[in-house]
Amino acid sequence: MTRARRFFLETWGCQMNELDSQRMAGQLMQQGILPTREPAEADIILLNSCSVREKAEQKVYSRLGEYRLLKKDRAHLLIGLCGCVAQQEGERALARVPDLDFVLGPARVGELQDVVARRRAGERVVATGFPENRAYDIDTVSRHGEYKGMVTIIEGCNKSCTFCIVPQTRGPERSRPSAEILREVRHLLDYGFREIELLGQTVNHWREPAGEGDFADLLDEVARLPGVDRLRFVTSFPRDFTPRMVAAVGRHANICPYLHLPVQSGSDAVLRRMGRGYTRREYRDLVEQLRRARPDLALSTDLIVGFPGETEEDFAQTLELVREVRFAVVYAFKYSPRPGTAAPRLTGAVDPEVASERLQRLFALQEGIQREINQSLVGRDFEVIVTGWGKQPGTQTGRTPCHRVIHFAAGSEPVPLGGVTRVEVESAFPHSLLGRRLERPAVSA
Ligand code: SAM
């Protein structure tokens, strides 16, 4: 009996990369090529990369260096570099890694089968750039092991934040028509998903491509579809939030009370140099409007420390903003200069040790805030969507509507992945909650 062919796929970066990986896995599985967790068993290795910070890019090159050694014993093994580093590097990646077989940019994910076939026929393929017509077959996305159904609504980014490489790696903005988006959401609901996550680098900048309508209208349409128990969207750009969108978030109880709203800095001077197009005051006003519309809203944010020219006073303003807003989660990064962006030309580079020390102070502050917020949830109970098994035997893990991680004992009837149960919070840590699954209420006769 011949052995089934296998692929190994490693993913870094944002939710859009996760979904691109599901699309690539699905295309290979359609050809009878099965997933494996062992690179040494694979006939195809795909690295779906992120280039938002230099470290992520270095990691993918070091992995390529490891995996190419597997070719010694497996001459037929194909190795493909995919994702944002693929788009950024193109031909350069083939020159740098002699055993690399192909390079596939994010806008070319739908062409994987064709690229693999071309490589088998002898061509070292570089498929990058942003073609007008892009293959996207919703039936071949492999969503196994997922509790939520992700749907890209807008690709690319038209902003010009001076630190960010995304507009280069994901190309110009391109909204998908609402009819296509709604068809994909219905397809996911038919499949059994209860949580839908709309994706875009600037998700709230979605516009109906040929007609009227913006993200507020799309939220209304998706939230009203029967079967959407939880609706989330990521990543929102602060300046693109309109009062109509805020009202939509307030109107639909099935829009999760959790929003990721990257602020990047608490200092107006730094925000200006970053080219973000809003001030600290405007960000705070938006947070107030959102909290008025949804008092239970949990907010998360991204922050960059050590941006060129950031003084101790600028950083103090970031700490102050974090104290004022009391984010549920903060994702904070040391500034990393990226090729082709404007920020590396700015003066006032911050010493990396100073940036590291600021990052530690920021994490310490946020950890205390998270501990307090999570502690205040003890004794409350939440509807929890189950995302997997816990690390401790007999436990399961899930997410509350405000996206907090909660662990609980599975009991004699574990909840299937993507299923829903009610859990009371018994204890709290900065990054997770521990709870007790409530018995189902007795059904009265
Ligand atoms: N499109 C979103 C936005 O503009 O808010 C998110 C873009 S990026 C995929 C995710 C996060 O990575 C950013 O919000 C930012 O905090 C961080 N990031 C992007 N470029 C960076 C850089 N050059 N150095 C450090 N962090 C960076």
Side-chain angles (χ1 to χ4, degrees), residues 11-20 48-59 83-85 87-88 106 150 152-175 197-206 215 233-241 259-267 270-271 273-278 282-283 286-287 299-310 315 318 321-322 327 329-346 349-350 352 354-356 358-359 362-363 366:
T11 309
W12 289 270
C14 63
Q15 283 93 334
M16 296 194 99
N17 263 18
E18 279 175 39
L19 180 54
D20 286 345
N48 195 5
S49 60
C50 167
S51 63
V52 113
R53 282 168 292 277
E54 195 184 358
K55 231 187 210 160
E57 184 186 329
Q58 285 165 352
K59 212 179 269 173
C84 289
V85 177
Q87 176 59 39
Q88 178 196 311
M150 295 184 281
T152 296
I153 66 164
I154 175 169
E155 294 175 274
C157 179
N158 285 355
K159 302 282 187 281
S160 39
C161 303
T162 55
F163 55 81
C164 193
I165 200 169
V166 168
Q168 296 171 58
T169 58
R170 290 204 165 258
E173 260 181 20
R174 200 162 170 272
S175 291
E197 187 173 47
L198 307 178
L199 301 185
Q201 291 297 331
T202 51
V203 73
N204 56 337
H205 204 236
W206 180 89
F215 186 60
F233 47 93
V234 72
T235 297
S236 297
F237 194 81
R239 200 181 65 210
D240 292 329
F241 241 105
L259 187 66
H260 185 57
L261 197 63
V263 62
Q264 313 297 358
S265 171
S267 151
V270 174
L271 288 172
R273 281 202 300 279
M274 287 177 164
R276 293 291 285 182
Y278 54 83
E282 284 162 347
Y283 184 87
L286 175 60
V287 167
L299 279 171
S300 65
T301 201
D302 291 340
L303 286 164
I304 297 178
V305 301
F307 188 76
E310 184 191 67
F315 179 63
T318 295
L321 181 81
V322 167
F327 295 102
V329 180
V330 163
Y331 302 95
F333 315 98
K334 248 191 331 183
Y335 168 67
S336 164
R338 304 310 296 131
T341 59
R345 293 195 299 274
L346 295 173
V350 174
V354 171
S356 297
R358 285 181 189 165
L359 195 61
L362 175 58
F363 284 144
Q366 179 59 22

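All values derive from a computational prediction rather than experimental measurement. No hydrogens, no waters, no symmetry mates; every other heavy atom, side chains included, goes into these values. Each ligand, and each atom within it, is numbered from 1 in the order the structure gives. The first residue of the sequence shown is numbered 1, and numbering continues consecutively from there.
By heavy-atom distance, the residue among Asn17, Val52, Val203 lying nearest atom 21 (C) of ligand 1 is Val52. Across Ser336, Pro167, Gly13, Ala343, heavy-atom proximity to atom 23 (N) of ligand 1 is greatest for Ser336.
Side chain of Tyr278 to main chain of Val263: a donor-acceptor pair is present (N/O by atom type, distance under 3.5 Å, no hydrogens or angles). When atom types are taken as modelled, the side chain of Ser265 and the backbone of Val270 share no donor-acceptor pair closer than 3.5 angstrom. Formation of a donor-acceptor pair under 3.5 Å by the Thr301 side chain with backbone atoms of Val330 is not found in this model. Between the side chain of Asp240 and the backbone N or O of His205, no donor-acceptor pair lies under 3.5 Å.
Residue contacts with ligand 1: Arg53 is placed with a nitrogen or oxygen under 3.5 Å of a nitrogen or oxygen of the ligand (distance criterion only). Ligand 1 has a nitrogen or oxygen under 3.5 angstrom from a nitrogen or oxygen of Asp302. Residue-to-ligand polar distances keep Arg338 apart from ligand 1: every N/O pair is separated by 3.5 Å or more. An N or O contact shorter than 3.5 Å is missing between Leu303 and ligand 1 by distance.
Looking at Phe333 against ligand 1, only its side chain comes within 4.0 Å, counting heavy atoms.
The protein non-hydrogen atom at the shortest distance from atom 20 (N) of ligand 1 is Phe163 CD1, 3.3 Å. Protein heavy atom closest to atom 2 (C) of ligand 1, with residue, atom name and distance, is Gln201 O, 3.5 Å. The nearest heavy-atom contact from the protein to atom 15 (C) of ligand 1 is Gln264 OE1, 3.4 Å.
More than 12 non-hydrogen atoms from other residues, nucleotides or ligands lie less than 6.0 angstrom from NZ of Lys159.
With respect to the salt-bridge test (charged N to carboxylate O, under 4.0 angstrom), the residues Arg239 and Glu282 do not qualify.
Checked by atom type, the side-chain pair Thr202/Glu173 shows a donor-acceptor distance below 3.5 Å.
Aromatic ring pairs are classed by plane angle as parallel below 30°, tilted from 30° to 60° and perpendicular above 60°; the pair Phe241 and Phe233 is tilted. Note: Phe327 and Tyr283 have tilted aromatic rings, judged against thresholds of 30 and 60 degrees for the angle between ring planes.
In summary, the atoms of ligand 1 found under 4.0 Å from a heavy atom of Pro262, numbered by their order in the structure, are 5 (O).
Heavy-atom separations between Arg276 and ligand 1 include at least one value shorter than 4.0 Å. Ligand 1 lies less than 4.0 angstrom from a heavy atom belonging to Lys334. At a 4.0 Å cut-off, not a single heavy atom of Thr202 sits close enough to ligand 1 to count as contact.
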